[in-house]
*Asks:* 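To start, I am sharing the structure in question, which I have written as structure tokens.
What you see below is based on every heavy atom in this structure, not just the backbone, and it leaves out hydrogens, waters and symmetry mates. Indexing begins at 1, ligand by ligand and atom by atom, following the structure's order.
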Amino acid sequence: MPRGLNGRTAIVTGAAGGIGHAIAARLAGAGAKVEIWDWSPETFDGAFTPAAIRKLDVSDPAAVAAAFESAVAELGQVDILVNNAGINGPVLPMWELAPETWASVLGVNLTGVFNGCRVAAPHMKARGYGRILNIASMAGKDGVPYISAYSAAKAGVIGFSKAISKELADSGVTVNCIAPAMAETGLQAQMTPEHIAAMKAKIPMGRFLKLPEIADMAAWIVSEECSFTTGFTFDLSGGRSTY
Ligand SMILES: NC(=O)c1ccc[n+]([C@@H]2O[C@H](COP(=O)([O-])OP(=O)(O)OC[C@H]3O[C@@H](n4cnc5c(N)ncnc54)[C@H](O)[C@@H]3O)[C@@H](O)[C@H]2O)c1
């Protein structure tokens with residue numbers, strides 16, 4: 001267990017369920033005060049006691065800025081931001097994707113990350129300490145057929161994180177990503193059985209990612225101990241990733 005989370009303050013977006021919930025619970029268990037930001041906070045199962053639960057859409061810059069201001073007012077400071085909220089969108093050939101669907105998948109998965117970083121980075125930079133973790137996907141590295149908007153958004157998250165990690169490199173603030181392969185979460189409800197089977201078949205270990213595996217890695221990345229890695233995309237792919 002990383003030592004550096006005791007007394008730290010954290011925001012995890014999309015933490016009412018799935019991967020975000022697993023990460024938030026792990027950070028809380030390691031001594032951090034954790035806020036859940038989610039557009040469906042009523043689905044949170046109460047497995048741990050968050051510092052606050054805020055209902056918002058991460059693609060809305062004004063809502064994200066207002067929530068961050070409230071978090072700073074209530075917590076005193078924000079040490080950790082995990083941009084995890086995401087949607088898959090429909091599994092469709094690119095030419096059947098409606099422009100509004102493209103915009104909403106990019107809006108949540110990519111602009112949502114920008115919205116969080118743009119308010120957190122100046123605050124963390126001014127304090128000389130911060131950990132930003134953005135949840136990308138193997139789809140952003142490989143490009144997965146029939147989820148082109150999702151693949152584009154996640155590739156964007158990786159490129160954006162590399163860029164801003166350099167802007168913040170001398171400030172004590174690190175920015176990293178995790179690129180998971182498939183885990184069994186509510187996200188699968190947006191996928192077809194064929195797509196899920198194809199994604200599992202890509203994983204050399206022959207199984208899905210387990211939530212404690214991503215919670216453990218995330219807890220390390222946002223700890224004080226992870227101090228000399230920034231702009232990096234950590235792999236959680238059961239051997240699928242080769243670069
Ligand atoms: N499950 C997988 O196989 C997998 C693989 C790679 C990457 N990821 C990424 O991990 C992250 C979490 O996915 P998950 O599998 O836990 O999904 P999930 O659907 O189980 O949980 C997502 C959570 O985010 C919330 N959310 C969605 N859109 C939001 C918005 N606009 N504003 C605020 N909250 C919002 C949902 O209410 C939900 O609580 C996503 O970024 C996803 O792309 C998931």
Side-chain angles (χ1 to χ4, degrees), residues 11-26 35-47 50 53-68 81-89 91 101 103-116 133-144 147 149-158 160-161 177-192 195-203 207-215 217-218 233-238 240-241:
I11 294 163
V12 183
T13 71
I19 287 171
H21 179 286
I23 293 173
R26 181 58 49 93
E35 290 204 356
I36 293 175
W37 291 8
D38 203 293
W39 67 7
S40 305
E42 62 285 352
T43 59
F44 176 58
D45 63 3
I53 303 182
R54 302 187 197 279
K55 182 178 173 70
L56 56 75
D57 178 351
V58 296
S59 69
D60 177 347
V64 170
F68 193 79
L81 172 64
V82 181
N83 287 303
N84 161 83
I87 55 172
N88 190 75
V91 180
T101 307
S104 87
V105 173
L106 270 286
V108 176
N109 293 342
L110 179 55
T111 309
V113 173
F114 165 74
N115 288 339
L133 172 60
N134 297 325
I135 305 302
S137 169
M138 280 303 299
K141 297 177 85 176
D142 284 4
V144 172
I147 51 167
Y150 183 82
S151 299
K154 295 298 189 178
V157 168
I158 293 170
F160 173 72
S161 302
C177 297
I178 294 178
M182 188 167 282
E184 291 177 288
T185 67
L187 203 70
Q188 286 187 335
Q190 300 166 43
M191 304 170 195
T192 59
H195 179 79
I196 293 170
M199 292 305 103
K200 189 175 183 186
K202 279 176 180 283
I203 302 173
R207 65 165 174 86
F208 294 122
L209 166 67
K210 296 173 186 165
L211 296 186
E213 292 172 326
I214 190 163
M217 181 180 275
T233 298
F234 289 78
D235 162 64
L236 266 180
S237 73
R240 174 173 156 191
S241 180

*Asks:* Quick one: does His195's side chain get under 4.5 Å of Val144's, heavy atoms only?
*Replies:* yes
*Asks:* Heavy atoms only: give me the nearest Ala22-Ala215 pair and the separation to one decimal.
*Replies:* O-CB, 3.5 Å
*Asks:* Using a distance-only test with no angle check, is there a side-chain donor-acceptor pair under 3.5 angstrom linking Ser241 and Lys141?
*Replies:* yes
*Asks:* Holding to ring-ring contact (aromatic ring centres under 6.0 Å, His included), I want the full list of residues that pass it with Phe160, two or more places apart in sequence or in another chain.
*Replies:* none
*Asks:* Of all residues at least two apart in sequence or in a different chain, which pass the ring-ring contact (aromatic ring centres under 6.0 Å, His included) check with Phe44?
*Replies:* His21, Phe48
*Asks:* Using the side chain to side chain donor-acceptor pair (under 3.5 Å) criterion, which residues pair with Ser59? Sequence neighbours excluded.
*Replies:* Asp57
*Asks:* What does the list of residues with a heavy atom under 4.0 Å from ligand 1 look like, ordered by chain and number?
*Replies:* Gly14, Ala16, Gly17, Gly18, Ile19, Asp38, Trp39, Ser40, Leu56, Asp57, Val58, Asn84, Ala85, Gly86, Ile87, Val108, Ile135, Ala136, Ser137, Tyr150, Lys154, Pro180, Ala181, Met182, Ala183, Thr185, Gly186, Leu187
